[in-house]
Every structure is written in C-alpha cells, then in structure tokens.
2 protein chains.
Amino acid sequence: MTHLLIADDHAVVRKGMIQILRDAGVDAEITEASDGHQALQAVREQRFDALLLDISMPGKSGIDVLKQLRAQDDHTPVLVLSMYAEEQYALRLIRAGAAGYLTKESAPDQLATAVRMVVQGKRYISPEVAELLADSLNQRQADADDDSNRHTQLTDREFQVFLQLARGLGPTEIGQQMNLSVKTIASYRSRILQKMGLRTNAELTLYANRNAML
Amino acid sequence: MTHLLIADDHAVVRKGMIQILRDAGVDAEITEASDGHQALQAVREQRFDALLLDISMPGKSGIDVLKQLRAQDDHTPVLVLSMYAEEQYALRLIRAGAAGYLTKESAPDQLATAVRMVVQGKRYISPEVAELLADSLNQRQADADDDSNRHTQLTDREFQVFLQLARGLGPTEIGQQMNLSVKTIASYRSRILQKMGLRTNAELTLYANRNAML
DNA sequence: AGCGGCTGTAGGAAATATCCTACAACCGGT
DNA sequence: ACCGGTTGTAGGATATTTCCTACAGCCGCT
C-alpha cells in the first residue's frame, strides 16, 4: 500500500491534508511528523512512496530535509508545501530536487493530483511554476541589472534569511528557527545586503514588499 | 444539533479543523465558507451555534465579518483564528466582541475546548490573551479604529520619528537629526508601536509604504 | 594538484537598540 | 485651583545587532 509521510508543524494542516487526500480517494497509510528531525527519523526507519514537506518548520525546514535526503542519496519523491506565496522558492526547490511545489492556496484537488503524480515518480509542476520555470530560462543570461531580480543571486540559505529579515524578525529569532548561531545570521545579512546593494533592513522589507514576496 | 460555520480561505485548514473537531468528539453539523462574503451569506440563511473565522482572508477578513455581524446586532459567538501569532490583534478582537482568539499554533485540543465553550455561550480566553487583557487595563485606550488611519493618533513629534524609522534610520541617526537623546527616540518608538498596534520596525515600514507615506 | 573564490558557519568586540522608569510641563475637565 | 492623563525628554541596565575576522569544504579552472 502507498505510504506517505506528512511533515508540518501545525496539527491543523496535517489533519487537513490527510482529510483532503482521503476525500479524494487517495488510499494510503499516512505517517505524521511535526518537524524536520522527526521526518528524517521516520525516513530512516521506513520506506515512503512520497514525502509532503512543509517548507517552513522551526528547526529543520522542508528544504533542509530535502537537501539532506538528496545528500544521502535517498530519492524518495518530495512534494514541498509552502504556507506563503513565496513563488520565488519554487524554482530553488525544483532545482534542489523537489518533485513538486504547492502553496496552501492550492485547491484540494491539486493536492490530490500532485500526490498521485509524485507517488508514481512523476513530477508535479503547476501552471504557475511552469511559467516561472520558462521565464527563468529566457532571463538566464539577460541583463543583470533588472532590479526586480536582484534576489536571485542569493543562495538558498541567504534567501531564507532574507525573507525572515524582511518580515521583521531579528537575527536572534531567525537563528532559533534555523538553529544557527546569531552570528551566522548576521553574516548572511551582510552578504545579502552586499549582494543586493541595499543598506538597511527597511530596504529589505521594501524590496520584498514591492516584489510581493511577503 | 450543534451547527458550526468555518470560514477560512484555505481548504486544508478547514478540513484540518473539521477533522480535529471530529477526533475530539465534537458532534456538529459543519458548514464551510471560503471567504468573508460567503460567511455572511451563510449567516443570513441559517442559524449557527458558533462561527470560526480566520482573521486573514482576502476580501472581507474575519474582523470585517465580526464587525458587520455586531453592527447588525447578530450575537452568534465568534471564535477568531489567526494564522500568525499576531497577539496584538487579540485585544482588538475581543473588544470588538469576539468570543475567543486562537492561533494556528494552538494544540488541537485547545481548538476543541474553545469550540465547546463558545458554543455554550462562554468565552474562551487563552492564558496568553488573558495576560494581554490584564495589561491593557492599565493602558486603557479608546479605540476609534479606522485601521488605515492609525497614524493620525500620533503626536507631531511621534509622527516625525515614525517616518524616519519607517525609512530605516536608527534611533541614533534620528536623534542626531532632531538633537534629541537616543533614549528619547526610543521612547517615541515604543509609544508609536503601542499606539498603532504594531510590533516591529518592519511593520512600520510596511504600514508607511502601503499608505504611500514614503 | 593547486589556487582562488564562494558558501555555510561562528567568535569577539564594539556599537546600537530596547525596556523600564522617571519627571516636569501642559491640557482639559470639575 | 486640582487631578488625571498625555507629551516631550532622558537615564540605567540589558539585550540585540552589527562589523570584522576566520576557517573548512566545495567547485571550477589551469
């Protein structure tokens, strides 16, 4: 029987996804994990047909889990779920080896479809993401001073920090969420500012806001 | 039989809540709405024992629905759910007549308990909110909350500081510009935050930006 | 195989910001 | 005139942030 792992720190969301899958007639055994560590633990102990990972969990996020799995050469399909409309993330994740990307906005049947596809080893690329993918090909070597694309030069980690800073979290909180030293976050911050040519957190916030990343 | 209305724009969340309530043995007929208008519509057509409203829905938010209901003298108990930990809203909402306030972090059984209580016409005040309530008694504040005019309550000095902070200047720089002690600026900052119900400089920036004050 | 540059991570010290508290001047109501 | 709340201002103690520096692991290029 199909075996799925759902990792999300919010009970409501886990239950909701289970319910939706059941309603859609997806017949599967489901294991729940409420953070990245539990998810990895579970994967170590059992075999899953697919993982549904929330991108933003405290401690180890979905991305971390994804990367770690790939690093240890585990190819279980991973469907990433984001609570926010951070379309920006989609590309990064697909490149990092995710089998699909959905936001919480997604209609229930999209979730079911996506799950069915990834379980079969296919990828689930939503129209929106497909478009982003296409765009990214064109703009590949286009002019670097596009202004609204300065954030693409950031590494994944930097980008994560970027978003949190833009939302107004301080290094301390971010460090906790990602369990990294405050110092590390501070380093990311300065690299971000440097790379993007900004000077203050307020500019980060504005940038993110103008590009609808919040 | 108990009849509940759940309004949230995210299907996952609705399903999750339903599942959690069922698991907790709450026996009720449940109607779903995916935005504020549908919620109001539903209330017009049927009688509910309680409404569970998501605070942040596009279009008409939970707050809007709550206000409108109260305005038309409907006293159905309303339990407000927030996806974020914006504790500051809690007070506004309780004052506006909500029967309780929960965040998505809340454990499943808290949701069930809260629902049971409000259905019986009681209020559900979490410890956290209770504390906020207590605090607010000291700092009594008349709320003429028009929401996008929150800055009008600021004094001139406060407003000047507000703008500078929103632009990303730090207390030190502002203090220099205005020849005031850094400490003074810090005081203004906290009064501003307090008066406007914001928590971070990033929120100041966003507020200013959205209201085209930058 | 070696080099230079990025990336992820963090330490120490110095700079800053924040919190809580305080107080005088002022302002409106009784 | 007196009282309570609001405003302008700032001190002390703390907590947080920022800056500069460092270093190991990779990656691509020669």
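Chain letters run A, B, ... following the sequence lines, proteins first and then strands; every chain starts at 1.
Between the side chains of B:Gln19 and B:Asp23, at least one donor-acceptor pair of N or O atoms lies under 3.5 Å. Using modelled atom types and a 3.5 Å distance limit, the side chains of B:Tyr188 and B:Gln160 yield no donor-acceptor pair. Counting only N and O atoms by type, the side chains of A:Arg191 and A:Gln194 include no donor and acceptor under 3.5 Å apart.
Separating the CG atom of A:Leu180 from the P atom of C:dG11 is a distance of 11 Å, rounded to the nearest angstrom. Between the NZ atom of B:Lys183 and the C1' atom of D:dA13 there is a distance of 8 Å, rounded to whole Å. Note: CD (A:Gln160) to C1' (C:dT9) measures 14 Å, nearest angstrom. Atom-to-atom, CG of B:Asn201 to P of D:dT16 comes out at 15 Å; the value is rounded to the nearest Å. Nucleotide C:dG8 holds its P atom 16 Å from the CG atom of A:Asn179, rounded to whole Å. Put simply, CD on A:Gln153 is 10 Å from P on C:dT7, counting in whole angstrom units. Whole-Å rounding puts the A:Leu169 CG to C:dA17 C1' distance at 17 Å. Atom CD1 in B:Ile185 sits about 9 Å away from atom P in D:dT9, given to the nearest Å.
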Where do A:Gln41 and A:Glu45 land on the side-chain hydrogen bond (donor to acceptor under 3.5 Å, both in side chains) test, with the steps shown first? CA-CA 6 Å; A:Gln41 180 66 27; A:Glu45 291 165 3; 2.7 Å; yes

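Mapping A:Lys195 and A:Thr184 onto DNA chain C via the closest heavy atom, the residue that lands nearer the 5' end is A:Lys195.
Ion pair A:Asp64/A:Arg157 flagged as a salt bridge, since at least one NZ, NE, NH1 or NH2 atom sits closer than 4.0 Å to an Asp/Glu carboxylate oxygen.
If you check D:dT21, C:dT7, C:dT18 against the side chain of A:Glu158, the one that comes closest is C:dT7. Across C:dT9, D:dT9, C:dG11, the shortest atom-to-atom separation from the side chain of A:Ser181 is found for C:dG11. Across D:dT9, D:dT16, D:dT18, the shortest atom-to-atom separation from the side chain of A:Thr172 is found for D:dT16.
Contact annotation: A:Thr155 side-chain N/O to C:dG8 OP1/OP2 distance is under 4.0 Å. One finds no side-chain N or O of B:Arg189 lying less than 4.0 angstrom from the OP1 or OP2 phosphate oxygen of C:dA17. Checking the phosphate oxygens (OP1, OP2) of C:dG8, no side-chain nitrogen or oxygen of A:Arg191 falls inside 4.0 Å.
In this structure, B:Ser187 reaches the bases: a heavy-atom distance under 4.0 Å links it to at least one base atom across the strands shown.
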